[in-house]
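Step one of this worksheet: look at the structure below.
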Amino acid sequence: MKNTVTLVLILLLSYNGNCAKILGVFTAPGPSHYLLGSTLMKALAEKGHDVTVISAFGEKEPPKTKGTYRDIVATEVLENRKEMMKQREMNMFDQADANPFISTFFFGYMMPKMMEPALRNAEVQKLLHSDEKFDVVIVEQFMNNAEKALATHFGAPLVVVSALGANFWLNTLVGNSAPPSYIPMVVTDYSAPMTFCERLLNSLLFVVTDVYFNLVVYPAENEIIKKNIPNGPDLFDVLYNASIVLVNSHPSLNQPVPYVPNMIEVGGFHVTPPKKLPQDLQEFLDNAKDGVIYFSMGSNLKSADFPPEKRDAILRTFSKLKEQVLWKWEEDVLPGQPKNVKLSKWLPQQSILAHPNVKLFITHGGLLSTTETVYHGVPILTIPIFGDQKLNAKGAVNNGFGLMLSYNEITEESFTERIQEILNNPKYRNNAKKRSETFHDRQVSPMETAIYWIEYVIRHKGAPHLRVAALDLPWYKYYLLDVIGFLVSVSSVIAFISYYSIRAVCRKICNKRKTKKLKQK
Ligand SMILES: *[C@@H]1O[C@H](CO)[C@@H](O)[C@H](O)[C@H]1NC(C)=O
C-alpha cells in the first residue's frame with residue numbers, strides 16, 4: 001500500500017500534463033532582439049513549459065512562472081561585439097551612408113563572427129556535452145545559422161523566430177517565393193511599386209546575396225558548427241529543416257506578401273499592456289498641456305553619438321517648440337539642454353506610447369519601435385540608419401502615418417519642417433489610428449498564435465507535412481531553367497528545321513518556274 005501511494009505520488013509529481021522542455025537561443029547582441037526572445041520564452045514558461053534560454057543578456061531576476069525558467073548568459077557576445085566595433089572604429093551612425101550591397105556584405109561577414117562566442121561559452125559547452133534532450137529548439141534568425149545545428153544536436157524539431165518581417169534569409173529557409181519584381185530586399189529603401197532601376201538593383205541584390213551567402217557565409221557558418229558542436233551536423237542539413245518560422249510582421253505594418261504554410265505571422269507578440277509609469281514620468285506626461293514628443297533612437301544607436309552639428313540642429317529645433325520633449329539620452333548631461341526637454345537614460349517605451357498626450361514619436365524606425373507605435377496609434381518621424389530601418393521608414397511614409405528624414409539631411413530647417421507637418425496635419429494621426437485598428441483586429445492575439453504553433457510542432461513531431469516541395473529542388477529546377485532550356489532547344493530545332501524546309505521548298509518552286517520560263521523561250 002505504502003509503495004503504491006509513493007508510486008502514485010511520484011507519478012503525480014512527474015506528470016506535467018503537456019509540459020515540454022524547450023531551449024531558446026537568442027544570442028543577437030541587441031537588446032531589442034533579446035526583448036523579443038525573452039518575452040516569448042517567459043510566455044512559454046508561464047504556460048507551464050520548462051524553458052532554458054541562451055542569450056547575451058539574461059534576466060535581472062528569475063521570472064516567477066508556472067514552468068521553470070533557466071538562464072544561460074553568454075556575456076562573451078557583448079564583449080566580442082564591443083571589441084569588433086572598436087577595432088573598426090565603428091560608429092553605427094556611419095552605416096547611414098552604406099549602400100544595400102555593402103550592408104549585405106557587412107552583415108553577412110560580421111554577424112556569424114559576432115555570435116560565435118555564445119557557442120564557446122562554458123555553460124553552453126557543458127549543456128552540449130550533457131545528455132539533456134529538448135522537445136523543441138527555438139532559434140532567432142539573425143545570420144547565425146550555425147545555431148540551428150543545436151536542434152539536431154538535441155534531437156528536437158527547429159522553430160525559427162525572426163525579429164524582422166519576411167525577408168530573403170527567412171524565405172530561403174522555407175522555400176517561400178518572394179519575387180524581386182515587387183518585394184524589396186530588406187536592406188533597401190525601396191517600396192512597391194518599384195521603378196525600373198529599383199527593380200534592376202533589387203534583382204541584382206537578390207542574386208548577389210544568394211551567391212554570396214551560398215559561397216561565402218554558409219561555408220563559414222559550417223566551420224563554426226564543426227568547431228563548436230560535438231558531432232555537429234552539416235549546415236546544409238539543418239539550414240532548410242525548420243519546422244516553422246515565426247515572422248514578426250502583420251499586414252497592418254508590413255507590405256502584404258505570400259507566405260508558405262509554415263511561416264506564421266506573429267507581429268506584435270512582444271507588446272504587453274502598459275505598466276504603471278514611474279511617478280516623475282507620469283507627472284511629466286500628465287502635465288504636458290501642449291502634448292509630448294518622444295524621441296529615442298532605440299537600444300543599439302545612442303543619441304549621444306550624434307555628431308555635434310546634428311545634435312545642435314536637434315536642440316535648436318526642440319527649444320522652439322511649445323510641446324514637451326522626452327529624450328532617451330544616454331549620458332548624464334546634455335550641454336545646452338532646452339527647458340522643455342526631459343532626459344532619461346532608459347524609458348519604458350511601450351507605456352509612454354500608450355499615454356494620450358504623446359503626439360509624435362521620433363525614432364530610428366526599428367521594427368519593434370514601429371510595431372509599438374502602430375499598436376498605440378502614434379504617428380512617427382523616422383531617422384533610419386541601417387538594417388531594415390529604411391524599409392520600415394518608407395512603409396510608414398507610404399501608409400501615411402509618418403515622415404522620414406534621412407540622417408545626412410538633418411538640419412534645423414528640415415527637422416522643424418517635418419515635426420510641424422506631422423503635428424499640424426491631422427492626416428498622420430488619423431492614419432496611425434486606422435493602422436492601429438487593423439493591427440488589433442485579429443482572431444487571437446499574436447502571442448497565443450506563437451505558442452499554439454510551437455506546441456503544434458511538438459505535438460506533430462516537427463510537423464513535416466507543412467514543408468513545401470520547393471526545398472527539395474536544386475536552384476536550376478526551382479527557377480525552371482531545365483524546362484526553359486528544353487523549350488528553347490526544341491523551339492530552336494523546330495525553327496531551324498522549318499527554315500531549311502521552307503527554303504528548300506521555295507528553291508524547288510523557283511527552279512521549276514525558271515525551267516518553265518526557259519522552256520517557253
Ligand atoms: C529535420 O527535422 C526533422 C523533423 O523535426 C527531424 O526528424 C530531423 O532529424 C531533422 N534533421 C536534421 C539534420 O536535423
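Counting starts at 1 for both ligands and their atoms, following the listed order.
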*asked:* So, applying ring-ring contact (aromatic ring centres under 6.0 Å, His included) with Phe213, which one of Trp169, Phe107, Phe105, Phe236 is it?
replied: Trp169
_Stacked cation flag Arg199 on Phe206, 6.0 angstrom / 45 deg_ = no
*How would you list, by chain and number, every residue that makes a side chain to side chain contact (heavy atoms under 4.5 Å, CB included) with Pro63, sequence neighbours excluded?*
Lys42, Glu59, Thr65, Tyr69
*Do any pairs count as a ring-ring contact (aromatic ring centres under 6.0 Å, His included) and have a residue in residues 112-136, sequence neighbours left out, and if so which ones?*
Phe134-Phe154
*Listed partners of Lys345 passing salt bridge (Lys or Arg N to Asp or Glu O under 4.0 Å), at least two apart*: Asp332
For a distance cut-off of 3.5 Å, show me each N or O of ligand 1 paired with any protein N or O, plus the separation.
from	atom 1	to	atom 2	distance (Å)
ligand 1	2 (O)	Asn241	OD1	3.2
ligand 1	2 (O)	Asn241	ND2	2.4
ligand 1	11 (N)	Asn241	ND2	2.8
ligand 1	14 (O)	Thr152	OG1	2.7
ligand 1	14 (O)	Asn241	ND2	3.4

*Assess whether side chain to side chain donor-acceptor pair (under 3.5 Å) is satisfied between Asn241 and Asp237, documenting all intermediate values.*
CA-CA 7 Å; Asn241 203 37; Asp237 289 336; over 6 Å; no
